[in-house]
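Below is one structure, written out as structure tokens, with a few remarks after it.
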Protein chains: 2
Amino acid sequence: MAATMQDVADLAQVSLSTVSYALSGKRPVGAETRVRIESAMAELGFRRHAAARALASRRTHVLAVAYPVYGVALGATLNEIVAGAAAAARAAEYELVLWPVSSVEPEMLHELAGQRTADGVVLMEVALDDPRIAVVETAGLACALIGRTEDPGDHVWVDIDFEDALEQSVAHLVELGHRDIAFINRSQASLDAGYGPVVRAQRGYERAMAARGLRPLAVPCDVTPPAGRRAVQRLLADVPDITGVIVMNELALFGVAGALREAGRSVPRDVSVIAVAVAHEISEMYERPLTYLAPPGPEQGARAIRGLLEVLDGHPAPAGANLPCVLHVRETTGPAPRH
Amino acid sequence: MAATMQDVADLAQVSLSTVSYALSGKRPVGAETRVRIESAMAELGFRRHAAARALASRRTHVLAVAYPVYGVALGATLNEIVAGAAAAARAAEYELVLWPVSSVEPEMLHELAGQRTADGVVLMEVALDDPRIAVVETAGLACALIGRTEDPGDHVWVDIDFEDALEQSVAHLVELGHRDIAFINRSQASLDAGYGPVVRAQRGYERAMAARGLRPLAVPCDVTPPAGRRAVQRLLADVPDITGVIVMNELALFGVAGALREAGRSVPRDVSVIAVAVAHEISEMYERPLTYLAPPGPEQGARAIRGLLEVLDGHPAPAGANLPCVLHVRETTGPAPRH
DNA sequence: GCGCTTCGTCGAAGCGCTTCGATGGATCCG
DNA sequence: CGGATCCATCGAAGCGCTTCGACGAAGCGC
């Protein structure tokens, strides 16, 4: 079977503990000895047995991401975060695993966390009052939030600055001369529930418009292409002179294009479209190069992991981070049409 | 800190090993003793320490799914498989974790598998000649494939019967009177690479058409909405009397709708559209109730896990399974128009 | 050149669990 | 009613690693 540390020690003619120190660097090891150990490890194809290490060191060297697998249509945005987290974990010599959990029922999390198979957990899509946090902390694991609760306290959290994102969107369109700018947000239900991103985006939009003396026109919209299509149809019926549309709704986006085309509005000649918090990969699915605000996906993941590591090292949790989206101007926004 | 088995034993006034047997059921335990142990566990909130258990039993009781997080736009189809796998694992008292890996570079897998943090691995989106299999098996882990290699040998594999799916699609349209039926497949590149699903679907389509004396018209198409749009435009330009379109391309699907509408073809009055191997959740994003062949997602995941468990229990690997898609007739297919 | 620290190494004690062999009492059968 | 059998339980030996204390050999200052 697989080689153990004792096998390596025997082959290198040193004691077991010396091999351990060579690996961890917690005590100095002679240069020549180190070489012998390293070649012995290479020869035997040695890899530390994770369970044994975890048991002895009281550290699993594993971080988990609670990954919502139920009811997620688009994976790209989530996956950017995971990719960033995986890279950060690897850099710190931790493994990253994903725990497939339902975001609503925390039992599975309890199961996984209780067994202490990870040192810390990153919670994605955190709700205002998220029961998962208590589950993770009761199990004695560190916890980091992507998004944040009503009062994140001294938890590690990383969020997107949605207010700023809407400010950027409105500013971009206003610079181009637009004044009748609508905002297609996510669903009314999430707005009613007070879900952070949706509420803060709404507020950001309203402030940005008010600051410029413009009339806000926000419409909620379910997260599906047909809903996006209907939202635009309604919008054009109510306020025909709309020239700018801001969409923060990945799936509705795909309905928006069709509805505008059908209505005979050319993009960006008649109407400019800008997408908010849409992953680059999703933006590429649009029918033409889309002007969009890219979320800081990988950075979110990386920060969450680094925060977790800080806490695990006994340092105080770093302050929560509200990261900005980055505007990419492509071809769906242009000068406002003249009347 | 967290309670250990010794704490439970002390509280229940039995020996440590008796607690272990009560938990595992590997030896009988007196009814009364069992009650004492169980209430002690409840009182202390005891949960087995996974690492200790893994070390002692040489079994981690964890199964992993190699989860492609890079370059996946739509998560729903993958997630159905994961959800099925998670349920099957839980039923067998195994935990399921996802290993976020790139499907092209197997180094991460090597890292994860080498540490023996799982007993078996499910590989998703298996290529014809997949280097990951060797990585997993060299590490001494069991391995199950979703999809299959050129010659799956006696590996555990679970695949979708794409030939049957195309036969079903053609049959459905022909029953409705269609004769000019096009097939929008996935990319030319994957066809050239001989990627199983794409090749078998192509073959299935050609056979189904040939068997009915119909002229096949298959077009490759990149996996993006705009590509789907262009594919339909080209199709209509080349063969204007097309009345049926079969699409096995989740993202292109969204371009298809727009292109047909633009071309003034009404669905299903002028053209019927049927989607192949599209998850229910994705089908719901279509602008109207879509006729589609649902892939056996959860069943695939569950079979892969059960196969893995068989192998781990020392049984021979069950025969590979080629699972059928299930036709759901909704509103995008209808009788062929009369000339 | 004497005590000091520092370096490089070793041995041994666990980490929390599973599992094997042993033990002692109850049950069974001829 | 004595030996065989079964049931319920215990103690102890690890699983493969980390880490602590110990120890000889250098290297240091004065």
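Throughout, a chain's letter reflects where its sequence line sits, starting with A, and its residues are numbered from 1. All values below were derived from every heavy atom in this structure, side-chain atoms included, with hydrogens, water molecules and symmetry-related copies excluded.
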**Prompt:** Rounded to the Å, how far apart are A:D10 CG and C:dC10 P?
**Reply:** 11 Å
**Counter-base of D:dC30, judged by Watson-Crick or G-U geometry with both distances under 3.5 Å** = C:dG1
**Item:** B:R36 (side chain) donor-acceptor with B:A31 (main chain) under 3.5 angstrom
**Value:** no
**Prompt:** How long is the line joining CZ of A:R34 and C1' of C:dC7, in whole Å?
**Reply:** 13 Å
**Request:** Quickly work out the A:Q115 CD to C:dC17 P distance and round it to whole Å.
**Result:** 11 Å
**Item:** Atom pair distance, as rounded to whole Å: CD in A:Q6 and P in D:dG16
**Value:** 10 Å
**Complete:** Per atom distances to the B:L16 side chain, the nearest of C:dT9, D:dC10, C:dC17 is C:dC17
**Request:** Return the nearest nucleotide to the side chain of B:S17; candidates are C:dG14, D:dG11, C:dG16.
**Result:** D:dG11
**Prompt:** Taking C-beta and beyond as the side chain, do A:M108 and B:R90 meet within less than 4.5 Å on heavy atoms?
**Reply:** yes
**Asked** Of all the nucleotides listed (C:dT18, C:dG16, D:dT9), which has the minimum atom distance to the side chain of B:T33?
**Response** D:dT9
**Item:** Candidates C:dG16, D:dC10, C:dT18 - which lies nearest the side chain of B:V14
**Value:** D:dC10
**Plane angle bin for A:Y67 and B:Y67 - parallel if under 30°, tilted between 30 and 60°, otherwise perpendicular** = perpendicular
**Request:** Supply the atom-to-atom distance A:L323 CG to A:I146 CD1, rounded to the nearest 0.5 angstrom.
**Result:** 9.0 Å
**Fill in**
Considering only heavy side-chain atoms of A:M5, the closest of C:dT18, D:dC17, C:dC17 is D:dC17
**Item:** Length of the NZ-P vector between A:K26 and C:dT9, whole Å
**Value:** 19 Å
**Request:** Find which nucleotide of DNA chain D each of B:L55 and A:R27 is nearest to by heavy atoms, and output the residue with the more 5' nucleotide.
**Result:** B:L55
**Request:** When you get a sec, tell me which of C:dC10, C:dG16, C:dT19 is the closest nucleotide to the side chain of A:T18?
**Result:** C:dC10
**B:D313 atom CG, over 12 foreign heavy atoms within 6.0 Å** = yes
**Message:** Within the 4.5 Å heavy-atom criterion, are A:V156 and A:R306 side-chain neighbours or not?
**Reply:** no
**Request:** Determine the contact category for B:S57: base if any of its heavy atoms lies under 4.0 Å from a base atom, sugar-phosphate if only primed atoms, P, OP1 or OP2 are that close, otherwise nothing.
**Result:** sugar-phosphate
**Request:** Can you tell me the distance, in whole Å, between the NE2 atom of B:H49 and the C1' atom of C:dG14?
**Result:** 13 Å
**Request:** Select from B:R36 and B:R58 the residue whose nearest nucleotide in DNA chain D is closer to the 5' end of that strand.
**Result:** B:R36
**Request:** Take atom CD1 of A:I37 and atom C1' of C:dG8, then tell me their distance rounded to the nearest Å.
**Result:** 11 Å
**Prompt:** If you check the A:A56 side chain, which of C:dG14, C:dG11, C:dT18 turns out closest?
**Reply:** C:dG14
**Request:** Would you mind telling me which of D:dT18, C:dC15, C:dT9 lies closest to the side-chain atoms of A:R53?
**Result:** D:dT18
**Prompt:** Any side-chain N or O of A:R48 under 4.0 Å from OP1/OP2 of D:dT18?
**Reply:** yes
**Request:** Would you indicate what A:T4 reaches in the nucleic acid, counting non-hydrogen atoms under 4.0 angstrom: base, sugar-phosphate, or nothing?
**Result:** sugar-phosphate
**Item:** Options D:dT18, D:dG16, C:dC10, nucleotide nearest the side-chain atoms of A:Y21
**Value:** C:dC10
**Request:** Quickly work out the A:Q13 CD to C:dG11 P distance and round it to whole Å.
**Result:** 13 Å
